Number of protein chains: 2
Amino acid sequence: MATLKYSRQRESIKEFLMTRKDHPTADVVYENMKKIYSNISLGTVYRNLSLLSDIGEIQKLSSFGGADHFDGCVTPHCHFICTDCGQVLDLETDDMNRLMEKSVKNFSGKITGYDLRFFGLCPRCITHR
Amino acid sequence: MATLKYSRQRESIKEFLMTRKDHPTADVVYENMKKIYSNISLGTVYRNLSLLSDIGEIQKLSSFGGADHFDGCVTPHCHFICTDCGQVLDLETDDMNRLMEKSVKNFSGKITGYDLRFFGLCPRCITHR
DNA sequence: TTGGGTGCAAATCTTTTGCAGGTGT
DNA sequence: ACACCTGCAAAAGATTTGCACCCAA
């Protein structure tokens with residue numbers, strides 16, 4: 001495995017993600033990084049997002065129909081996706097780890113993790129109806 | 001909303017999905033449809049998969065990293081994705097509907113559904129290690 | 001007859017990758 | 001110096017869309 005070397009770009013990307021409560025796509029990260037590094041490339045953003053999520057410093061939220069979203073928060077939590085506006089929100093829940101393990105029946109594989117997403121209307125979209 | 005009109009292609013696509021226990025991608029559906037309609041187009045397959053999932057006759061499983069998968073079974077059930085071979089399996093679980101609703105805290109939006117996925121090694125990939 | 005459905009091909013969107021030069025250690 | 005990292009641009013993969021023709025109702 002390759003040795004990790006410091007890079008300003010990577011540091012900034014990680015910092016940026018940790019300050020955001022929404023869950024930006026690669027493109028949004030790119031637009032924001034351009035404010036700091038005017039000629040950073042989209043490829044670099046993708047490479048670093050992918051690298052950071054590989055080493056577990058950020059979380060990649062795969063496709064809700066469009067582009068992937070990235071989450072600077074790696075402690076386990078669930079997400080809510082608004083079916084109207086597409087917004088991705090964090091959700092507070094009881095701890096579900098034990099629940100999850102116990103509820104699976106008749107499976108001889110090995111479960112190492114899970115991903116739970118809720119769908120519906122976010123507070124704002126409910127109001128607008 | 002447009003009136004739905006019969007189409008042989010759509011019927012076949014739905015039938016095909018219902019006979020499959022795995023969760024084929026659009027491309028796999030396309031390859032199999034070509035056996036029946038030698039010059040069916042990929043666009044038609046995508047249009048119908050999208051239409052069928054809009055009206056709730058099939059289920060679209062968005063991106064596990066690659067192409068979307070489609071499930072002819074619409075009764076609620078969880079999925080397992082093998083992190084080694086990428087296979088998607090159905091999983092038997094306790095009924096989780098009530099569990100899910102109860103576990104969410106402090107959320108003022110409206111939850112209408114959820115999607116639960118487990119990750120790990122499938123039985124076959126465990127053996128090969 | 002009319003509006004949805006189809007095949008075909010081009011376009012779009014997202015993400016990955018090859019390459020030559022730059023930079024951290 | 002060596003290996004990783006970057007910008008750039010091209011490529012790749014998945015899905016959507018415009019168009020002219022076809023077919024179910």
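Quick caveat: nothing in here was measured; it's all calculated off a predicted structure. Residue numbering restarts at 1 for every chain, and letters A, B, ... go by the order of the sequence lines.
- Scanning for side-chain hydrogen bond (donor to acceptor under 3.5 Å, both in side chains) contacts around Glu31(A) gives an empty result, with sequence neighbours left out.
- Two residues are said to be in side-chain contact when any heavy atoms from C-beta on lie closer than 4.5 Å; Asp84(B) and Cys122(B) fail this criterion.
- Atom pair Asp54(A):CG and dT16(C):P shows a separation of 10 Å (rounding to whole Å applied).
- Residue pairs meeting the ring pair (Phe, Tyr, Trp, His ring centres under 6.0 Å) criterion with at least one partner in residues 27-60 of chain B, sequence neighbours excluded, do not occur; the list is empty.
- Listed by chain and number, the residues in a side chain to side chain contact (heavy atoms under 4.5 Å, CB included) with Glu11(B) are Tyr6(B) (sequence neighbours excluded).
- Contact annotation: Gln9(A) reaches the phosphate of dG7(D) (side-chain N/O to OP1 or OP2, under 4.0 Å).
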How does each nucleotide of nucleotides 8-19 of chain D score, in 5' to 3' order, for protein heavy atoms under 4.0 Å: base (B), sugar-phosphate only (S), or none (-)? B-----SBBBB-

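- Remark: Ser50(A) engages Asp54(A) in a side chain to side chain contact (heavy atoms under 4.5 Å, CB included) (not counting sequence neighbours).
- Atom-to-atom, NZ of Lys34(A) to P of dT6(D) comes out at 17 Å; the value is rounded to the nearest Å.
- Inter-residue side-chain proximity for Ile40(A) and Lys34(A) is flagged as met; some heavy-atom pair is nearer than 4.5 Å.
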Using the 3.5 Å cut-off, write out each protein N or O paired with an N or O of nucleotides 21-25 of chain D and the distance between them.
none

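- Looking only at side-chain heavy atoms (C-beta outward), Gln9(B) and Val45(B) stay at 4.5 Å or farther from each other.
- Residue pairs meeting the side-chain hydrogen bond (donor to acceptor under 3.5 Å, both in side chains) criterion with at least one partner in residues 106-116 of chain B, sequence neighbours excluded, are Glu92(A)-Asn106(B), Asn97(B)-Tyr114(B), Asp115(B)-Arg117(B).
- A heavy atom lying under 4.0 Å from DNA chain C marks none of the residues of residues 10-18 of chain A.
- Residues satisfying the side chain to side chain contact (heavy atoms under 4.5 Å, CB included) test with Asn32(A), not counting sequence neighbours, are Phe16(A), Arg20(A), Val28(A), Lys35(A).
- Axis orientation changes by 40° from one end of the helix from dT1(C)-dA25(D) to dT25(C)-dA1(D) to the other, with each end axis drawn from 5 pairs and the value rounded to 10°.
- Under the ring pair (Phe, Tyr, Trp, His ring centres under 6.0 Å) criterion, the residue pairs touching residues 71-91 of chain A are His23(A)-His79(A), His77(A)-His79(A), Phe80(A)-Phe107(B), with sequence neighbours excluded.
- In terms of the side-chain hydrogen bond (donor to acceptor under 3.5 Å, both in side chains) criterion, residue partners of Thr44(B) (sequence neighbours excluded) are, by chain and number, Ser41(B).
- Rounded to an integer number of Å, the gap from CG of Leu49(A) to P of dT6(D) is 11 Å.
- The closest side-chain heavy-atom distance from Ile111(A) to Val104(A) is below 4.5 Å.
- Transitive grouping of hydrophobic side chains (ILVMFWY, heavy atoms separated by less than 4.5 Å) brings Ile36(A) and Ile58(A) into a common cluster.
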